[in-house]
Amino acid sequence: MSDLHVGFPANRAIAERIQPVTPADWLIVAGDVGEQAADIEWVLGTLTERFARVVWVPGNHELWTHGRDPLRLRGEERYLHLVDVCRRLGVVTPEDPYPIWTGAGEPVVVAPLFVLYDYSFQLADLPPPGDGLARTAVSRAVVSTDERWLHPDPFPTRAAWCDDRVTKTERRLAELPPGLPTVLVNHFPLVREPTAVLRYPAFAQWCGTVRTATWPARFRAQVVVYGHLHIPRTAWYAGIRHEEVSLGYPREWQRRSAAPVIPRQILPAAGAVGSS
Ligand SMILES: [Fe+2]
Ligand SMILES: [Fe+2]
């Protein structure tokens, strides 16, 4: 699951009800739990008491230094602080050894990734990428709030932070044993295709990087798990299953005819399971 956004009371109520189906279940939390560090710690702490293992990656909202959060850390320091919180709780982060899931079927490496975005998902008719790109988006009335709250410190730009993350992450994935399939988990989609259905196409530039496009095939993904778009669905790209597992904002899920499915079953691949 992803995008719990527990700052909204209706979402917090859903988070409180999330339960495993069996005591052996693992839970993937693919970012955007919330903006406030205390909320993130509370949610992850609660989930570790229920699931055999919890695997977390940061979303852009976890990385915000929001004006109302007493935790004032910015950028990488904030991320590493959250990693420390997770380690205290026993939650697996992108900085830990990738765990191997040995449930039904063959063993699978579950790889939590933190790759960010570098504006390279921009539309072809927009000028070249860079953090100054916000200006172009303004003219189209779409700007991610990240431009205000997600600081890249100590990197000069969010694109530079992304570059660092891509390099480090790619190295680790390349070191995995070649025989093992993977579940690749990232807050942002690893391929550009899912952004084609965004309501505001200009928002795509805050949604990933073209540099991960080959990763699902190269690193033997059985499934790619992502969120961020708030468009939950299953799609297949180049024969690989991609699961967008978000809850999203109440104004989004409340207007759909079906109740949100949180969490969704990733492996074994057998459709979705609901919350209790
Ligand atoms: Fe989100
Ligand atoms: Fe997000």
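Counting starts at 1 for both ligands and their atoms, following the listed order. Numbering of residues begins at 1 and proceeds along the displayed sequence.
Going from atom CG of D32 over to atom CG of L247 covers 11.0 Å, rounded to the nearest 0.5 Å.
Residues passing the side-chain contact (heavy atoms from CB on, under 4.5 Å) test with R74, sequence neighbours excluded: T65, H151, D153. The side-chain contact (heavy atoms from CB on, under 4.5 Å) search around R218 returns E170, T214, W215, not counting sequence neighbours.
The atom of H5 that is an N, O or S and sits closest to the Fe ion (ligand 1) is NE2.
Under the 6.0 Å cut-off for aromatic ring centres, H187 and Y117 do not qualify, their centroids lying 6.0 Å or more apart.
Here L71 is tied into one hydrophobic group with L73, each link being a pair of ILVMFWY side chains closer than 4.5 Å.
Neighbouring protein atoms of the Fe ion (ligand 2) (N, O or S, distance under 2.8 Å, waters ignored): D32 OD2, N60 OD1, H187 NE2, H228 ND1.
Considering only heavy atoms from C-beta on, W101 comes within 4.5 Å of W26 through its side chain.
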